[in-house]
Amino acid sequence: MPDRYDLLIIGGGPGGYACALRAAQLGIKVACVEKRPALGGTCLNIGCIPSKALLESSERYAEMAKLARHGIQCDNVRLDLGRMLERKNKIVDELTKGIAFLFKRGKIAWLPGAGKLLGPGKATVTAGDGKTTEVAAKWIVLATGSEPSSLPGIDFDGKNIVSSAEALSFESVPKQLIVVGGGYIGLELGSVWARLGSKVTVLEFLTRILPLSDGELTNMVQKSLTKQGLAFHLDTKVVSISAKSGQVTVKAQSKGKDETFQGDKVLMAVGRRPVGDGLGLEEAGVTFDAKTGKVKVDRQYRTNVTGVYAIGDLIDGPMLAHKAMMEGETLAEQLAGHKAQVNYDAIPSVVYIWPELASVGQTEEQLKEAKREYKVGKFPFQANGRAKCLDETEGVVKLLTDAKTDRLLGAHIFGPRASEMIAEAVAVMEFSGSAEDIARTTHSHPTLSEALGEAARAAAFGAALHA
Ligand SMILES: Cc1cc2nc3c(=O)[nH]c(=O)nc-3n(C[C@H](O)[C@H](O)[C@H](O)COP(=O)(O)OP(=O)(O)OC[C@H]3O[C@@H](n4cnc5c(N)ncnc54)[C@H](O)[C@@H]3O)c2cc1C
């Protein structure tokens, strides 16, 4: 007889573990299959958390050069990369063990091994020693996430041509790091190594970096990162990459001309693809997009196979941990008979470079394309008292509102700790609030979030107080 559960989740990343934790809270008997030795998925093991740990460490290292302005002399500052990586690994270890603890407390069975769907209500788990067991469950959730993709004809070698996973653990600082792809992963990891001393060159196929973000702010981002030492080659199509004796040669067509770039490492950050291989999708008859590999689901995360659901990076939408988590939690509630849904119009995204770029809602480009009448309210951090005291005055808050109703349609922040400030705009959007709502909200003084209030005044009343 196979082991029986109410709910079997394949994949223990943010989507899968959030679904498991919430379902257990709601009294559902849950098991989660995970083939990695630790829970937490890409996010905790080789994604969000280790990258943010290194961004923080490298930011502090780079900040030393700025401290002289505060009257603090930091001569003889020295990098101990080994220690920096150890700190990062310790954070990962603690957080992944934290999820294992929560599983234990919630009486969630962690089934180590690779899960494979057999059909409605049935799956197998193949452990590391090759032993396969059958598991039965009323509901099965596919949450196998995504993995780095490369360009045709360019394979990762794990040493010189690497993915983000290896770029989180370089044993020494590369002298010259070439980053292929100007999305958030390339810019974040490019920033880490540039701050630690690499000469970083970013090659981007499109004519701009961060193509889904507000264009005005991404121009500012590019200028800022250029000042920090990153070199950008836009409109540049990588044709081939070869590695020999620890050196890589990247051949590209840049603005129509042949160019060659040389370095000691290439980070391929051209995107991620869903993990469907070996999951039994075809055998079980689960419909997925042949081109993107994304599993097709409806608003309740149901696939076309009865009792089989999918969430997170495996399905459509932004490949972000908080989106996966919200889907996991929401699905658990739906399975328990609650009414719950994710508001896809209010999913924030953050690029943890410095200053940070955080956004929610629509960009100016999207509003123009939709021919929607809108107002813009902006406020620079240069005029914000707290930013002055922090010595972090670069950037701006930009709000986009409906021209007639003043409803907040988009918020874009390039500035210090934008990642934290965006939460206020997300909450206002969740409540269908307006710029006036933000303008009439009392913000503590002096805080960075006053800049949001000021941008809201600019949008709602036509002028900020302090600009
Ligand atoms: C460098 C980097 C930085 C990132 N930074 C951020 C960030 O700052 N903020 C953010 O929101 N997002 C970030 N992301 C994206 C984020 O990590 C993903 O969106 C998120 O992890 C997706 O969650 P998921 O649960 O869908 O999948 P995953 O986290 O990929 O988890 C899926 C899990 O399923 C397991 N699995 C796969 N197949 C099987 C199988 N057959 N059987 C058993 N187990 C299986 C995998 O081992 C994995 O552990 C980052 C990603 C990277 C690479």
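Each ligand, and each atom within it, is numbered from 1 in the order the structure gives.
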Does any pair with a residue in residues 184-242 pass ring-ring contact (aromatic ring centres under 6.0 Å, His included), and if so which ones, sequence neighbours excluded? F170-W193, H233-F261

Please report the C-alpha distance between E188 and K52 in whole Å, then the side-chain angles of each, then the deciding distance to 0.1 Å, and finally whether the salt bridge (charged side-chain N to carboxylate O under 4.0 Å, His left out) criterion is met. CA-CA 9 Å; E188 288 184 1; K52 266 80 258 180; 2.7 Å; yes

Dump the intermediate steps for salt bridge (charged side-chain N to carboxylate O under 4.0 Å, His left out) on K90 and E86, then the final yes or no. CA-CA 6 Å; K90 187 164 175 275; E86 256 171 43; over 6 Å; no

Decide if atom NZ of K159 counts as having more than 12 heavy atoms of other residues, nucleotides or ligands within a radius under 6.0 Å. no

L203 vs V250 side-chain heavy atoms within contact, under 4.5 Å: yes

Report all protein residues having a heavy-atom distance below 4.0 Å to some atom of ligand 1; order the list by chain, then number. I10, G11, G12, G13, P14, G15, V33, E34, K35, R36, G41, T42, C43, I46, G47, C48, S51, K52, G113, A114, G115, A143, T144, G145, S146, S164, Y184, I185, R272, V275, G312, D313, M319, L320, A321, H322, A324, Y352

So, T124 versus E134: side-chain donor-acceptor pair below 3.5 Å or not? no

